[in-house]
Structure formats: structure tokens, C-alpha cells
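See structure below.
The model shown is predicted, which means the values in this text are computed figures rather than measured ones.
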Amino acid sequence: MNSAARRFHPTAVGAVPGTSALAGAFSRSMAGKTLYDNRRVFTVWALATGLLAMMYASFYSQLTAESATSVPEAMRGFGLDDTSTAAGYLQGAVFGLLVPLLVTFYGAATGARMIAADEESGYLDLLLAHPIGRARLLLHRYAALAVGAVGISAAVLVAVLAVRTSAGLDAISVVNFMAQAVNLALLGLFFGALGMALGAATGQSRAAVFGLTAGLGVLGYALNGFAPQLGAEWSRHLTPFHYYLGGEPLRYGFAPVDPVVLATATAVLLGVGILRFARRDLGR
């Protein structure tokens with residue numbers, strides 16, 4: 001059997017459809033192939049988010065007392081209630097505003113692409129014609145998404161540590177930075193699981209799954225931020241952003257409850273997605 005035939009033969013060990021010779025080292029599993037196929041996308045997400053975090057973190061050394069007290073009252077629920085300290089500034093300007101939104105959109109976009117995009121294009125039928133079960137396919141795809149989320153979190157961690165001394169952020173320990181990075185990765189994993197579960201469970205188009213996942217993310221983000229102004233502080237506990245930032249890991253370090261809640265919610269979403277995906281007629 002020639003190499004091209006073996007690559008597409010359903011009984012070939014470790015074979016996946018569409019694997020090139022260049023990707024041979026990654027073709028032993030669907031997770032490896034997905035990582036290889038999305039290597040540029042994951043790299044761009046990590047670099048862009050890391051550079052953004054570095055840029056905003058470096059502004060702390062230029063912050064004045066006047067600017068620290070000029071934050072609008074409506075924005076204080078987004079972590080901007082105390083910009084006079086290093087932890088307070090980073091909790092709001094870096095880890096409370098753009099960075100979590102970017103990670104949310106990463107999870108929504110990548111989660112929608114992993115199942116919904118393949119089903120929409122018809123490629124999913126080709127994948128499942130090979131000896132790989134639906135649950136295994138979803139978990140392998142999610143494993144690749146998870147590597148991307150961890151990569152983004154690691155890039156942000158490296159970026160803020162790179163300017164930690166020059167920007168006057170030494171008051172925050174490396175351990176506390178790591179605690180925040182862990183929560184950031186878990187936030188991306190949550191929305192990635194939500195996007196994959198919606199795609200696997202409903203069979204909707206990639207655009208629809210992305211729109212719904214991102215919309216729920218923005219809604220949760222807004223609810224978490226504006227709840228104090230609405231007198232509904234309790235509603236923050238219904239959003240993943242509360243467990244991502246509410247424990248203030250930059251101030252207090254690792255708090256086991258918040259990561260456990262995010263991880264548990266992620267596992268539940270994946271489980272529901274797998275159960276529905278395993279029973280659903282594809283293309284409907």
C-alpha cells in the first residue's frame with residue numbers, strides 16, 4: 001500500500017483524513033493533527049493577547065493619583081474600583097477588561113470551529129467514517145483547544161512578568177500572577193467547552209454557534225460588571241467571570257473554590273455535549 005493510500009485507509013494505525021507528510025509527527029492522534037492544523041491561529045491568539053497585556057501592564061508606572069480616582073462609577077464593577085495599587089490596576093485594566101473578552105472570543109471561535117464548522121462543510125462525515133468514535137473525536141478536538149487556551153494564558157503570564165519590575169508591579173508576587181493566569185486559562189476552557197457543546201448538541205452553523213457563545217459571554221461579562229450598580233450583587237455568582245476574577249487572585253493568590261467551580265462547569269458542558277453528540281443525527 002503506498003503512503004497516500006495508507007494515509008486515508010480507515011484501518012491504518014493512527015491515520016486521520018487529510019494528513020500530509022509534513023504533519024506526520026502530529027498525525028498519531030486527532031488532537032495532534034488539530035494542533036498542527038491550527039498552529040498559526042493559536043500562535044496569533046497567544047501573541048496578540050500577550051502583547052496587549054504587556055502594553056496595558058506597562059502603563060501602571062505612568063499612572064497618576066488623579067487618573068486613579070477618575071474612574072467612572074459605572075466601571076468599578078469591572079475591577080476598576082482600586083487603580084491606585086498594582087494589584088488593583090492590573091485586576092481592572094488588564095485582567096478585568098480586554099484580556100478576558102479576548103479569551104472569551106477565543107473560546108467561542110475555536111469551540112465553534114472544532115465541531116460545527118466540520119459538520120457544516122461535510123468534513124465531519126469523512127472523519128467519522130474512520131475508526132474514531134464521536135466522543136473520542138470531541139475530546140481530542142477539545143484537547144487541542146485546551147492547549148491553545150493554556151498557551152494564551154502562558155503568553156499573558158510571560159508578558160506581564162517581563163514588565164513586572166520596569167512597570168513597578170513588584171508588589172504582586174509571581175505566585176499570584178500564576179494564580180491569575182490559571183483562572184484565565186480556565187475561563188478560555190469554559191467558553192471553548194460551551195462553544196463545542198453547542199455545536200455538538202445542536203448541529204447549527206459555525207456562525208450561529210460562535211454568535212450564541214460569544215453573545216452569552218458578553219452578556220455574562222456585562223452582568224458581572226454592572227450587577228453592583230443594579231443592586232443585584234448575587235447575580236454575579238451566575239457568571240463564569242465572577243469565579244475568574246471575584247476571588248482577586250492578584251491580591252490573595254490561589255483560591256481553590258473558584259478554579260474548581262470553573263473546571264466543574266466546563267466538565268459538565270463537555271459531558272452534555274458528548275451525550276447529545278453521540279445520539280444526534282448529523283446534518284440536522
Side-chain angles (χ1 to χ4, degrees), residues 42 45-46 48-50 52-54 56-57 77-83 85-108 110-111 142 145-162 164 169 171-195 213-214 216-225 227 233 235-270:
F42 290 167
W45 273 106
T49 310
L52 181 71
M54 177 185 287
Y56 275 85
F78 293 90
L80 291 168
D81 53 328
D82 175 23
T83 58
T85 64
Y89 171 77
L90 288 185
Q91 179 176 291
V94 178
F95 292 100
L97 292 178
L98 293 180
V99 168
L101 281 178
L102 284 176
V103 170
T104 296
F105 291 140
Y106 162 80
T110 308
Y142 185 74
L145 181 153
V147 171
V150 171
I152 292 173
S153 180
V156 170
L157 176 61
V158 170
V160 293
L161 289 179
R164 177 171 173 249
L169 302 171
I172 306 173
S173 70
V174 174
V175 172
N176 287 11
F177 273 120
M178 292 175 63
Q180 184 66 78
V182 168
N183 282 12
L184 183 65
L186 288 171
L187 185 71
L189 292 175
F190 174 86
F191 282 105
L194 178 60
T213 306
L216 289 172
V218 172
L219 180 63
Y221 177 81
L223 177 61
N224 185 67
E233 185 85 23
S235 64
R236 290 181 134 189
H237 295 269
L238 303 178
T239 76
F241 295 97
H242 170 76
Y243 302 99
Y244 154 69
L245 198 62
E248 300 186 57
L250 289 173
R251 295 183 190 275
Y252 307 117
F254 286 96
V257 174
D258 290 348
V260 167
V261 171
L262 284 173
T264 301
T266 298
V268 170
L269 287 172
L270 281 177

By side-chain hydrogen bond (donor to acceptor under 3.5 Å, both in side chains), which residues pair with T85, not counting sequence neighbours? D82
Parallel, tilted or perpendicular: which fits the ring planes of F241 and F191, with parallel below 30° and perpendicular above 60°? tilted
Classify the ring geometry of H237 against Y243: parallel below 30°, tilted from 30° to 60°, perpendicular beyond 60°. perpendicular
Using 0.5 Å steps for rounding, measure from the [atom1] atom of [X] to the [atom2] atom of [Y].
X: F105; Y: T213; atom1: CZ; atom2: OG1; result: 11.0 Å
X: F177; Y: L184; atom1: CZ; atom2: CG; result: 13.0 Å
X: L245; Y: N224; atom1: CG; atom2: CG; result: 7.5 Å
X: L97; Y: Y56; atom1: CG; atom2: OH; result: 8.0 Å

Work out which heavy atom in [X] is nearest to a heavy atom in [Y]; give both atom names and the distance.
X: L145; Y: G107; result: CD1-O, 4.5 Å
X: M54; Y: A162; result: CE-CB, 4.0 Å
X: P100; Y: Y221; result: CG-CE1, 4.4 Å
X: S153; Y: V182; result: OG-N, 4.2 Å
X: A179; Y: P249; result: CB-CB, 3.9 Å
X: Q91; Y: R251; result: OE1-NE, 4.4 Å

Counting C-beta onward and ignoring hydrogens, is there a side-chain heavy-atom pair between [X] and [Y] closer than 4.5 Å?
X: F95; Y: Y244; answer: yes
X: L169; Y: L90; answer: yes
X: L223; Y: L219; answer: no
X: T104; Y: L187; answer: yes
X: L161; Y: V174; answer: yes
X: N183; Y: P259; answer: yes
X: Q180; Y: V156; answer: no

Tell me if the CZ atom of F42 is crowded by more than 12 foreign heavy atoms within 6.0 Å. yes
Donor-acceptor contact present, side-chain R164 to main-chain I172, <3.5 Å: yes
